[in-house]
Every structure is written in structure tokens, then in C-alpha cells.
Amino acid sequence: MSKEIIDETLAIARDIENQLKFYGEMGLEDIGGGSALATESAPTADSTDSVSAGLESAGALGAAQAPQAEPRVRDEEPAAQRTSQIGQAGLFGESVAAGQRGNSHRGGAALPVIDSRDPSLEAIREDIGDCLRCKLHEHRKTIVFGEGNPQARLVFVGEGPGAEEDASGRPFVGRAGQLLGKIILAIGLKREDVYIANIVKCRPPGNRTPERDEVDTCEPFLLRQLAFIRPEVIVALGSPAFQCLLRTREPITRARGEWREWNGIKVMPTFHPAFLLRSPDKKREVWEDMKKVRDYLNTKPI
Ligand code: SF4
């Protein structure tokens with residue numbers, strides 16, 4: 001057997017090992033057909049996912065929800081209180097002609113151009129202050145600014161704080177946040193290596209989708225954070241984050257796994273961890289997406 005074949009076989013074996021580790025860390029015990037390389041459409045019962053099962057038994061996730069539905073959920077989001085404005089039109093739906101897909105490179109609305117003039121992330125936080133700029137301030141407990149490495153190569157962007165984030169002032173600390181932590185570990189990083197933020201910094205009441213005026217008011221702070229950090233990769237978690245950043249109405253189900261670009265920064269759209277809690281079979285797709293992120297960062301040494 002030639003060295004090339006041996007090397008290729010070893011690489012495949014390593015990939016399978018990593019994939020199994022990823023599934024294991026995310027609590028996915030039944031990977032369908034007994035193979036880590038089972039087809040993505042192979043069904044995996046929610047009951048095999050301990051986190052998801054725990055959530056459902058606690059009533060936090062509606063058992064009647066269709067796993068294939070538009071995945072726009074936030075951490076710990078009560079199903080009964082969700083609205084689906086994003087799924088119907090997209091945050092920027094009205095700025096994109098009917099039938100158009102994708103970001104500005106694909107004929108969508110123009111992307112905001114970012115140019116950092118901030119001396120630090122702390123300066124941006126100070127600028128936010130005890131913010132009353134939009135109506136989301138009325139019910140929030142805490143402003144969830146974002147946290148992590150100010151020089152991160154990788155930034156995760158979600159939709160908005162959930163209940164636990166609102167209480168703690170930290171992004172992604174609930175069950176979905178724990179899952180995000182496992183995803184970060186699975187690609188060889190630690191939470192403190194990356195930066196994590198949301199489009200809006202105050203929890204929308206009842207965990208509803210942030211409204212257009214709220215996004216318009218709060219998003220500039222996220223853009224300033226991104227401009228300051230200037231990461232190499234942004235992972236957009238879920239439709240709202242993806243649609244907001246890329247000014248598109250394209251659903252995450254279609255966009256995920258495809259590299260996009262935003263101000264010279266690579267963007268990887270993928271499912272929100274909260275969606276994975278109720279659709280654990282989608283973890284395979286997230287793993288595929290995150291492997292692309294990992295490989296891209298590995299091919300670009302610091
Ligand atoms: S969501 Fe953003 S703009 Fe609105 S009150 Fe909170 S910090 Fe201010």
C-alpha cells in the first residue's frame with residue numbers, strides 16, 4: 001500500500017474520530033444506522049439527546065414542534081411565546097426584492113461598511129451606558145454586551161439574550177450556551193478564545209423576535225464590536241443573525257454551510273444551538289459547518 005493511501009486512510013480515520021467525539025460531547029448517542037457518516041437525512045429521535053430530552057420533559061420545548069421548521073429560536077425560548085417575523089419576511093425582507101436571494105454579492109441589500117474608530121471594547125460598552133435607546137430597555141434586567149477575547153479570530157453572533165442571559169448579563173449561558181461551549185471545544189478552541197455577542201443586547205419580552213426598529217437601533221454596537229475585533233471568521237447562529245448581518249431574507253436552512261463574506265470577513269451561517277436542542281439530528285450539519293471553520297482557521301496560522 002502506498003504512503004499516500006495510508007495517509008489518506010489515517011486522515012479519514014482521524015476525521016471520523018473527531019466527528020464521533022463531537023457527537024458524544026453534544027450528547028448525541030444515536031447517530032443513525034450505527035455510523036458516524038450516516039446520511040444527514042437519517043432520523044435521530046430527540047429522546048437520544050439528553051439535553052433535549054431534559055428540556056422537553058421540563059416543558060421548555062414543545063414536543064409538537066416540527067424539527068424541520070424554520071429554526072429561529074433563542075436559548076431557553078418558550079415555544080408558545082415565539083413569533084416568526086423573521087421566518088416570514090426576514091429582518092431585511094422589505095429591502096430585498098421579492099425572489100432575490102443571498103447577500104449583496106448575490107443581489108441583496110447593501111452591507112454596512114464597518115470602520116473601527118473605537119479604542120477598545122470597553123469604550124463601546126461605555127457608550128451604550130444604561131441604554132434607553134429602544135423599547136427593549138423597558139423589560140430587561142441586564143444589558144448583555146458580549147464577552148470573550150477582544151482579539152478573537154472567531155466570533156459567534158446570535159439573535160438576542162434569553163432569560164438566563166438577561167439575569168446574568170452574559171451571552172449564551174443557558175443550555176444552548178452550554179452546547180455552544182461544546183461546539184467550540186470540538187473545534188479545538190476554548191470559550192475564552194472566541195468572542196460571543198448578539199444582534200440586540202437586551203432581552204425582547206417573552207423572547208419574541210427583535211423588531212426592525214430595535215435591530216436598527218442596537219445593531220450599530222455589534223458592528224462596532226466586530227469592527228474593533230476584526231475576526232477572521234464570524235459564525236452566524238440562526239436565521240436572525242445571518243439575515244441581519246448579510247442583509248438577506250435567505251433562510252438558514254438554505255444558507256448554512258456555505259461561506260459568505262461580510263466586510264472582508266468570512267461568515268459561516270449555521271443553526272443556532274437552541275435549535276439543535278430540539279432537532280439533535282441537525283448536529284451533523286453543524287459539525288460539517290464547524291469543520292469548515294476549523295479547517296479555514298487552521299490553514300491560516302496566526
Ligand atoms: S437593545 Fe440595544 S439599543 Fe435597545 S435598549 Fe438595549 S442596548 Fe439599547
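Atoms within a ligand are numbered from 1 in the order they appear, just like the ligands themselves. Note that the structure is predicted; figures quoted are calculated from it, not measured.
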Novice: Is there an N/O/S atom in Cys131 at a distance below 2.8 Å from atom 8 (Fe) of ligand 1?
Specialist: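 Yes, Cys131 qualifies, because one of its backbone or side-chain N, O or S atoms lies under 2.8 Å.
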Novice: Is Glu164 salt-bridged to Arg170, going by a charged N under 4.0 Å from an acidic O?
Specialist: no
Novice: Could you check whether any heavy atom of Lys135 sits closer than 4.0 Å to an atom of ligand 1, since that is the contact criterion I want to use?
Specialist: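 No; Lys135 lies far enough from ligand 1 that no heavy-atom distance drops under 4.0 Å.
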Novice: Hey, which atoms in ligand 1 end up nearer than 4.0 Å to a heavy atom of Arg140?
Specialist: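 Those of ligand 1 that fall under 4.0 Å from Arg140 are 5 (S), 6 (Fe).
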Novice: Using 2.8 Å as the threshold, say whether any N, O or S atom from Cys134 sits that close to atom 4 (Fe) of ligand 1.
Specialist: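 Short answer: yes, at least one N, O or S atom is under the cut-off.
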Novice: So if I count the atoms of ligand 1 from 1 in the order they appear, which ones are less than 4.0 Å from some heavy atom of Thr217?
Specialist: 3 (S)
Novice: Is any side-chain heavy atom of Arg140 closer than 4.5 Å to a side-chain heavy atom of Cys131?
Specialist: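 Yes; the side chains approach each other to less than 4.5 Å.
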Novice: State plainly whether the residues Asp216 and Arg212 are in salt-bridge range, i.e. N to O under 4.0 Å.
Specialist: yes
Novice: Between Tyr195 and Phe145, how do the two ring planes meet: parallel, tilted or perpendicular, split at 30° and 60°?
Specialist: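 The rings of Tyr195 and Phe145 stand perpendicular, inter-plane angle above 60°.
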Novice: Do me a favour and list the nearest non-hydrogen protein atom to atom 6 (Fe) of ligand 1 with residue, atom name and distance?
Specialist: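 Looking at atom 6 (Fe) of ligand 1, the protein heavy atom closest to it is Cys202 SG, 2.3 Å.
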Novice: Hey, are the side chains of Pro231 and Ile265 touching, using non-hydrogen atoms and a 4.5 Å cut-off?
Specialist: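 The answer is yes, as the side chains (C-beta and beyond) meet within the 4.5 Å cut-off.
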Novice: Below 6.0 angstrom between ring centroids: does that apply to Phe172 and His272?
Specialist: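 Yes, ring centres under 6.0 Å apart.
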Novice: For atom 2 (Fe) of ligand 1, what's the nearest protein heavy-atom neighbour? Residue, atom name and distance, please.
Specialist: Cys218 SG, 2.3 Å
Novice: Mark up the atoms of ligand 1 that fall under 4.0 Å of a heavy atom belonging to His137, in ascending order.
Specialist: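 Near His137, meaning under 4.0 Å from one of its heavy atoms, ligand 1 has 5 (S).
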